[in-house]
Student: 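Structure below; questions to follow.
We name chains A, B, ... by the order of the sequence lines, and we start the count at 1 in each one. Every value quoted in this text rests on a predicted model; they were computed, and no experiment measured them.
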Amino acid sequence: KFSDLFEKMVPMAVQQAMTIYNQRKSDFVNRLVGTMREATNLCNGVLASLNLPAALEDLSGDSIPQSIAEKARSIVQQGGLQSIEQLIKDLPELLTRNREILDESLKMLDEEETTDNDLRAKFNQRWNRTPSGDLYKPLRAEGANFRSILDKAVQADQVVKERYNTHCEMIALLCKPENELSAAIPSANPTKTLQGSEVVNMLRSQITKLDEIKKERETLEGEVKAVTFDMSVSFLTALARDGAINEEQLSSTQLEQLYGAYNQRVQASLRTQEELLGQVQTSHQEFSNLKQSNAESNQREEVLKKLASAHDSYVEISNNLREGTKFYNDLTEILLKFQNKCSDIVFARKTERDELLKELQQS
Amino acid sequence: SLYPSLEDLKVDKVIR
């Protein structure tokens, strides 16, 4: 049942190259995924601002357009306003827990250092071990880094809270039962006469194509994230062959091979979307001209646009909260490891101190 | 992404 404990051990040069490679890879993937998501958000934003597709579905002028009803169902299914309210309520506690672990850890170092300094003041040259302050520099630097990370997290929490405050009213409306939601949307003239007209058909087809592009991107995101490759083999080979690792060159070549094609597809998707959105703008202009707008239909349109945006905001806030919760939980694990490092070194220093004291007393 | 990345910190640094 022998298992090689040192199976994963590699030369230092390979270890360092792998760290940099992994950073490059995750930067690349994050940028690619970020680009795709930004494009989808842009698309959703443009459509919402044009009241699409709701305007095309709004036959009677007083019932809820299908796409809005679907958006409402979708966020109710995801837990509605309550689920994001709960996550927001939990954030401060998560922050506090992390702060406490960090504060405890640094306090341990401070206390041991104080004792060490007191003993050095008392015994002078006879207390000849390295001062704790010097030994603790790297740990304190790590601690300072954690503090700045927590400060950034606090700012992120604030952004989420503000987003929530801005949109919660409309989100709440979208979560209401159908009859209440319908009553809250002003009535207007029906646009029945426009159904079947060419511009409506064109808009429908353009919007369908945009939906397809968005779906493709979801698939693409999954594929990009699923790419695996063991770069350590390449680095080991290079080291054995050349005696050194040209990390930058090897990494960029490999990353291009792994992700180059995906990058092309993403760029193509952006170009197609831009074209389609342009077409939508043109068609929508025509559509607006045909529609007979008055104060009521404008009011109705405004509310429908706000409801569509509320859905997008809900999705964004949910994602932010999921990210924030995961961030704090991941950070707790990391801080607990840091706390262990601090308590281990303090324990070792205490043991050493006790031995030194014994020696001094005996001498 | 809104929150800072913890990627660097997840890697166990070599203790010298």
Side-chain angles (χ1 to χ4, degrees), chain A residues 12 15-16 18-20 22-27 29-31 33-34 37-38 91 94-95 98 138-139 141-142 145-163 316-317 319-335 337-338 341 344-345, chain B:
Chain A
M12 185 58 109
Q15 167 87 338
Q16 289 170 336
M18 279 302 290
T19 304
I20 305 175
N22 282 326
Q23 188 63 57
R24 285 190 209 275
K25 186 185 76 161
S26 88
D27 284 348
V29 170
N30 287 339
R31 228 174 326 129
V33 170
R37 289 192 184 171
E38 237 176 71
L91 282 180
L94 295 176
L95 171 69
N98 281 298
L139 284 171
E142 244 187 285
N145 188 31
F146 286 130
R147 278 220 196 284
S148 99
I149 286 174
L150 281 173
D151 288 342
K152 291 200 184 109
V154 167
Q155 286 176 346
D157 288 351
Q158 202 47 44
V159 170
V160 179
K161 239 174 275 174
E162 277 163 22
R163 245 172 224 168
E316 187 183 38
I317 294 170
N319 287 340
N320 292 156
L321 287 169
R322 220 168 311 150
E323 189 196 336
T325 307
K326 177 172 196 302
F327 165 84
Y328 283 120
N329 288 334
D330 287 351
L331 184 59
T332 299
E333 253 184 74
I334 294 171
L335 284 174
K337 286 201 184 119
F338 176 74
K341 275 202 288 191
D344 284 352
I345 194 171
Chain B
S1 60
L2 214 54
Y3 287 82
S5 162
L6 296 175
E7 279 314 304
D8 292 349
L9 303 174
K10 284 184 184 166
V11 175
D12 263 325
K13 298 232 165 65
V14 173
I15 302 174
R16 292 175 198 280

Student: Between A:Glu323 and chain B, which part of the residue has a heavy atom less than 4.5 Å away: side chain, backbone, both or neither?
Tutor: both

Student: So, taking the atom named OG in B:Ser1 and the one named CZ in A:Arg37, what distance separates them when rounded to the nearest 0.5 Å?
Tutor: 9.5 Å

Student: Out of curiosity, B:Glu7 CD to A:Asp330 CG, how far, rounded to the nearest 0.5 Å?
Tutor: 9.0 Å

Student: Checking heavy atoms, do the side chain of A:Phe338, its backbone, both or neither come under 4.5 Å from chain B?
Tutor: neither

Student: Would you check, one step at a time, whether the test side-chain contact (heavy atoms from CB on, under 4.5 Å) holds for B:Leu9 with A:Ile149?
Tutor: CA-CA 11 Å; B:Leu9 303 174; A:Ile149 286 174; 3.3 Å; yes

Student: Would you mind checking which part of A:Ile334 comes under 4.5 Å of any heavy atom in chain B, side chain (CB onward), backbone (N, CA, C, O), both or neither?
Tutor: side chain

Student: Go through the atoms of A:Asn145 and report whether side chain, backbone, both or neither lie under 4.5 Å from a heavy atom of chain B.
Tutor: side chain

Student: Using a 6.0 Å cut-off, check whether atom NZ of A:Lys161 has over 12 heavy atoms from anything other than its own residue.
Tutor: yes

Student: Whether the A:Asn320 and B:Tyr3 side chains hold a donor-acceptor pair (N or O, under 3.5 Å, no angle test) is what I'd like checked.
Tutor: no

Student: Do B:Leu2 and A:Lys152 have side chains that get closer than 4.5 Å, going by heavy atoms?
Tutor: no

